[in-house]
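A short write-up of the structure that comes next.
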Amino acid sequence: MKKRLDSMELDFFLQQLITGLSNGMIIALIAIGYTMVYGIIELINFAHGDLFMLGSFLALTVLGVLGIDAWTGGGTWLGVLLLLLSSAAFCAGLNWSIERIAYRPLRASGKLSLLVSAIGASFILVNLGLFWGGLPLDVFAGGVAAAAPKDFPPLVPNTNLLGEDSLVQLTPKDLLVLGVTLPTMLALTWIVTRTRLGKAMRATAQNPVAARLMGIDTDRVIGATFLIGGALGGFASVIYALYNNTISFQMGYRAGMDAFTAAVLGGIGSMPGAVAGALVIGLVRAMSDGYLETRWTNTIVFGILVLILIFRPSGLLGSRAKEKV
Amino acid sequence: MNTLPTIVAAWLSLVIAAASSAQNGTIKIVSSLPRTGSANAQTGTIVNGIKMAIAEVGGKIDGYEIAYEDWDDASPQRGNWDPTVEAQNANKAVTDSSIVGYIGTFNSGAAKISMPELNRAGLVMISPANTYSGLTKPGLGEANEPAIYRPSGKISYFRVVPTDDLQGAVAAEFVAASGAKRVFVLHDRELYGKGIAEVFERRAKELGLQVSGMEGIDTKAANYKSLAQKVKFSKSDAAFFGGTTQTNAGQVAKDLRSAGFLGTLVVPDGCCEEAFIQAAGANNLEGNTFVTFGGLPPAELTGRGAQFRDGYRKMFDADPEAYAVYGYECARVLLDAIRRAASKDRAGVLQAVAQTKDFDGALGRWSFDANGDTTNRVMSINAVKDGKFVFVKRVGDAAAGGAAKGPETPSDAAAR
């Protein structure tokens, strides 16, 4: 009897571990968008969470228009790939445009104007999402209730890969999250550390004036950063939708908040830091929900953030804060 | 280019015609309901119900013109009712002396804000949808409830729906009758959701059910997978969620099912709307999810209620949502009071509403009791089939303990 109980406790722990890691990886993809932008122009891009939200609306629209569903068979995976690509392209383009229209003209006028501009962009995107959800499409239930959460069809099945009898669930959904996040992270690391663009990005982040003097087109580099960050937000929006199966025009706020917290926790500006921070948040949330009570979860997450910032102001993996002159 | 003058001329002639036919002037009634956001699907049909009741009396009572305004108490930022907007509405109503009746609110939390304001002004308020017990019943809410809502010492708030203490109890009786032994209780930490969850918990314990957990959720979370696993691992065979579609009931249901929790899930009337099925996904609800509702679904209405349903279909070319009939009933009881009132002012109408007795309504024959509550206690339990709500059984008929009589198990219901 004792033994049985122990194995159940272990099962429960493993389950929360899986859930926490999956949630954490989704946060990580969004967090990178924050941290990259901050690293290069020191702007907290408040519109990023809402950009992510619009990505999921695009995915649901594409899915509805093309009639992809869970029963398209092998075509489903092709459908998922299509959703990933279309949302990534859409979010990248939108993020680039926002930078071009709302941030670039203000870059010389101080951080505060940029920040306010970002908050404005965020409001515009949220209302765009509200409008979008009211479109008369079948996938939006005819758009009668624009603000209502939308059901996202379960393209990726919820079958338990460990067998239907197992209490612990590992589903294709969890594998999808891992399968999208891990290669993306590796590719990103390669871009930043090994390519000319990556080198230019690092140079611009370190000292934009010097980078320009060395012949780097900093405007182009910053534009590219927004493109990449947006594309990651697009990937995140699709796996979020496939993992949670619900989207809503308000989801960008909470997702953005979690991701921003992750970026700060890991050391804002540091990409490995953002990933580490996101995994910590995902795991802490799962464990707190599982072993304590849900109502304490936010308190614990932000309590940890406060503690880390007191004892390690540059975050988990952040470099020593260097004063920019 | 000449359409605008034409419209203006037509409008003017209408106004003049209206003014000349109403020798005695105009009486105004307003409603304050969340018209922005996902509750709109419900509140839209409530407003239709009100309009229908006014149309039935020809928009006139004793030579007084009945003017009606449909106010929104939600804001786009919240996508839900907003305390600031509800407070503004209450103020606006109080300062316009031609307003003699205030129909609202949809959310119990919103009622808490406007009730004292309107009470001070002696303006009658009738709610089609508030179910939180503490608004009217002493001893069921906070210690200072309901006195804080009645600063004038008089009762000016009435409602036509049975309260949560009845509905939560009915839900617990249903779960007990289904043969469940352990139940996990979740709520959204809001006035309505937490209130009904506490009633459920108390009644469940009385009935000998084991409550394996009671937790408030984070309504803005992306998912509840961790919590859902906790429910599954608790070996509970039933769960109750006190909350609404707006507080993420859809995601809760979805994550419970995807975690592999297959027990009975019961949710209260805050989820009794199409938007809940949309948010949760119909196949996550089929067979083992039940929705309690403080009344009967439109299809089960009889007598005057059936007349309402048919009239509604004819007038709006659509089926009424569950709450439409309550909007209709509110407006009818208010119009009836205006007709009976000796003086057609706030004091007269308030007195007439309070004296409502054996009202022949669409919900049956009922009265307002000393607290301002309806004596009507008919409720229903509904399930989801093919993406639509289907009626399972009628409960709560007899005033006390009637709900436990001859219960049907959820599996019986699912078999239909």
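Quick caveat, the model's predicted, so the values are computed rather than measured. All values below come from the heavy atoms of this structure, side chains included, with hydrogens, waters and symmetry mates left out. In what follows, chains carry the letters A, B, and so on, assigned in the order in which the sequence lines appear, proteins first and then strands, with residues in each chain numbered from 1.
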Taking side chain as everything from C-beta outward and backbone as N, CA, C, O, which of these in B:N40 sits under 4.5 Å from a heavy atom of chain A? Side chain, backbone, both or neither. neither
Backbone N or O of B:S226 within a donor-acceptor pair of the A:Q15 side chain at under 3.5 Å? no
Per-residue contact mode, A:A255 against chain B (heavy atom under 4.5 angstrom): neither
CZ of A:R295 to CZ of B:R189, rounded to nearest 0.5 Å, is 8.0 Å
If only atom types and distance count, is the side chain of A:K150 paired as donor or acceptor with the main-chain N or O of B:A279 below 3.5 Å? no
Counting N and O atoms only, with roles assigned by atom type, does the side chain of B:Q251 sit under 3.5 Å from a partner on the main chain of A:N244, one being a donor and the other an acceptor? yes
Heavy atoms from other residues, nucleotides or ligands near CZ of A:F13 exceed 12 (cutoff 6.0 Å): no
Counting heavy atoms not belonging to A:F302, are there more than 12 under 6.0 Å from its CZ? yes
Chain B contact via A:N298 - side chain, backbone, both or neither, heavy atoms under 4.5 Å: side chain
Nearest 0.5 angstrom please: A:N245 CG to B:N284 CG, how far? 8.0 Å
What heavy-atom pair brings B:K254 and A:D151 nearest, and what distance separates the two atoms? NZ-OD1, 2.7 Å
Measure the spacing between CG of B:N248 and OG of A:S248 and express it to the nearest 0.5 Å. 8.0 Å
Give, for atom CD1 of B:I217 and atom CD of A:E293, the distance between the pair rounded to the nearest 0.5 Å. 13.0 Å
If I take atom OG1 from residue A:T294 and atom CG from residue B:L227, how far apart are they, to the nearest 0.5 angstrom? 4.0 Å
Any sub-3.5 Å donor-acceptor pair from B:K220's side-chain atoms to A:M251's backbone N or O? no
Distance col, row B:Q229:CD vs A:L14:CG, nearest 0.5 angstrom, shows 11.5 Å
The interface call for B:A280 against chain A, heavy-atom contacts under 4.5 Å, is backbone
Do NZ/NE/NH1/NH2 and the carboxylate oxygens of B:K225 and A:D289 come within less than 4.0 Å? no
How about A:F131: does its CZ atom have over 12 heavy atoms from other parts shown lying under 6.0 Å from it? no
Within the distance-only criterion (no hydrogens, no angle test), does the side chain of A:N158 pair as donor or acceptor with the backbone N or O of B:S258 below 3.5 angstrom? yes
